[in-house]
Each structure stands twice: as structure tokens, then as C-alpha cells.
Amino acid sequence: MARLKLGVLISGRGSNLQALIAACAETTYPAEIVLVLANKPDAMGLEHAREAGIATAVVEHGDFPDRESFDKAVHAQLKDADVEWVCLAGYMRLLSSWFVETWNDRIINIHPSLLPAFKGIDAHAQAIAAGVKLSGCTVHIVRTEMDAGPILVQAAVPLLPDDTEDSLAARILTVEHQCYPLAVRLIAEGRVQIDGDTAIVVMPPDIGDQIISPPQS
Ligand code: GAR
């Protein structure tokens, strides 16, 4: 079976990229990463890609007069690499509507909250300030509105009374690393049907149907 060709866009550390690299290393996994592209030359994730023998590219946003011309340069790299789906993995750039429309329903993003709660860059701080007892992560199809679009996979973790942004971020990251490879697998196996603003997802039997309500202390 042909594997789905992924382009992963990053800006920094790249731990979600590492989770995808590890998943793609399994021979039965239905996707492969054909390009890792960063908007910063010092993005740590580029090193992970190089170590795994994956092609990398850097397109620096400072080199372009506006968002759309930058996105067109990114698009050209993705097309050159035969990318079929784009995975945003800690990519801290807003996408132009031109890019989102060109890659319509073929871009996914991971966000460290249970969307639609706590959109934006300070999701952990927002969750702590709101006093929620559960937070988590969301993998969703990207639409022009930031951190919005049909939801594919979510996972919850407890938010504990003494949590800091860092401790909550670390706990959420552990489930991010499970959810992102799962979401890609669902797409690659044809288990996702997008219906307007929502997605119908047929979970494989090996995932089970657990909804975990964890202890609060
Ligand atoms: C992750 O927590 C991801 O959910 C978040 O940035 C981090 C990147 O970590 N993304 C966003 O906040 C997007 N709105 P990583 O570089 O180690 O994957």
C-alpha cells in the first residue's frame, strides 16, 4: 500500500515531529515524512529530521514582504517534495487564507488544549486561569480561523491544583505524542470523513473506546 506523504512544518523543538518520525519508522504505519520545513534555521526539530535521514528545508519569513508570498515559497517546497498532507507541529506562523484554501482539508494541526477552549499561544496559562479540572490536546483539520476546524482526535489530562504552565505543558505533551500519530493514521487509512465543520472518524478496533476521567490529586 502506498504510504501517505507528509510535509511537517515546525518552528522549534519538534517533539511532536519526533513522535511522527517514530511512528513512521514502523513498517506497518501508513504514512511517511517526505519533508520537514522550518521557518527558522535554528529550529531544533531540523536536527531530528536530519538524524532520521529526512529531507529538510528552511524558509525564513523575514525574507518575504508579506504572509502570502512567504506561504507561496513554503507551498513550492511542499509540491517539490510531493507532499500530500501538511502537518503543523509547533509551527508558530499564522497561515494565509491562500495557503489554507490551496491545501483545503489537507492540513492538520495539534494544539495543547481541548478545543474550542483556549485557542492561541498561551493555552496552558488560559486553562490554569480558568480553573478547569481537565485539559488536553486536540488534533484538527486547519481552517482559516486560528485553532479552529474539524476535530479528529482529542485526549484529556488532569489539571492539578499546583500545576504551573510548564508542568501542565509537559503532561499534555505526553498525550500529544500519542494523538498526532493516531490522527495521521486515521487519515491515511481513510477513516476520516469531513462534514462541514466537523469530522466523522471511524476509530480502528485496536484503539478501544476509553474515555479517561483521571484522579484530581
Ligand atoms: C506543542 O505543545 C503544540 O501543541 C504547540 O506547540 C508545542 C510544540 O512542541 N502548538 C501550538 O500551541 C499551536 N497553536 P514541539 O515543537 O515539541 O512539537
Side-chain angles (χ1 to χ4, degrees), residues 6-25 31 33 35-52 54 56-61 67 70-71 74 85-97 99-100 103 107-130 132 134-159 163-184:
L6 308 175
V8 183
L9 305 191
I10 61 168
S11 297
R13 180 178 53 187
S15 70
N16 278 291
L17 167 65
Q18 279 182 293
L20 289 171
I21 290 173
C24 291
I33 302 171
L35 181 69
V36 172
L37 185 148
N39 63 319
K40 296 176 177 177
D42 58 351
M44 283 242 309
L46 289 169
E47 277 308 309
H48 305 316
R50 288 183 195 118
E51 279 162 20
I54 298 167
T56 61
V58 176
V59 183
E60 289 191 73
H61 53 263
R67 200 174 291 283
F70 168 76
D71 279 355
V74 172
W85 274 74
V86 177
C87 301
L88 310 182
Y91 186 64
M92 297 307 185
R93 292 280 301 166
L94 288 175
L95 300 174
S96 62
S97 42
F99 189 91
V100 176
W103 289 88
I107 313 170
I108 56 175
N109 179 45
I110 188 156
H111 183 75
S113 75
L114 293 173
L115 290 173
F118 314 137
K119 298 175 180 180
I121 53 167
D122 55 353
H124 308 104
Q126 291 182 58
I128 291 169
V132 295
L134 288 169
S135 191
C137 71
T138 304
V139 183
H140 65 97
I141 302 276
V142 169
R143 293 283 163 79
T144 44
E145 187 195 331
M146 185 185 59
D147 296 328
I151 290 171
L152 303 178
V153 176
Q154 292 185 305
V157 300
L159 198 160
D163 262 329
T164 62
E165 285 179 51
D166 284 349
S167 64
L168 178 60
R171 192 175 307 119
I172 292 176
L173 214 50
T174 64
V175 288
E176 290 188 43
H177 297 162
Q178 298 167 42
C179 287
Y180 218 167
L182 171 60
V184 168

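One-based numbering along the sequence shown. Counting convention: from 1, in listed order, for ligands and their atoms alike.
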Look at the side chain of T138 and the backbone N and O of S113, then say whether any donor-acceptor pair between them is shorter than 3.5 Å. yes
For A127, does its backbone N or O pair with a side-chain atom of S135 as donor and acceptor, under 3.5 Å? no
Measuring only between side-chain heavy atoms, which start at C-beta, is I10 closer than 4.5 Å to H48? no
Within-4.5 Å side-chain heavy-atom neighbours: R93 and V74: no
Sub-3.5 Å donor-acceptor pair from the side chain of H177 to the main-chain atoms of Q18, do we have one? no
Below 3.5 Å only, please: the N or O atoms of ligand 1 paired with protein N or O atoms, distance on each line.
from	atom 1	to	atom 2	distance (Å)
ligand 1	2 (O)	E176	OE1	3.2
ligand 1	2 (O)	E176	OE2	2.9
ligand 1	4 (O)	E176	OE1	2.7
ligand 1	4 (O)	E176	OE2	3.3
ligand 1	9 (O)	R13	NH2	3.0
ligand 1	14 (N)	H111	ND1	3.1
ligand 1	16 (O)	G14	N	2.8
ligand 1	17 (O)	R13	NE	2.6
ligand 1	17 (O)	R13	NH2	3.2
ligand 1	17 (O)	S15	N	2.8
ligand 1	17 (O)	S15	OG	2.6
ligand 1	18 (O)	S15	N	3.4
ligand 1	18 (O)	N16	N	2.9
ligand 1	18 (O)	N16	ND2	3.0

Compare all side-chain heavy atoms of L88 with those of L95 and state whether any distance is below 4.5 angstrom. yes
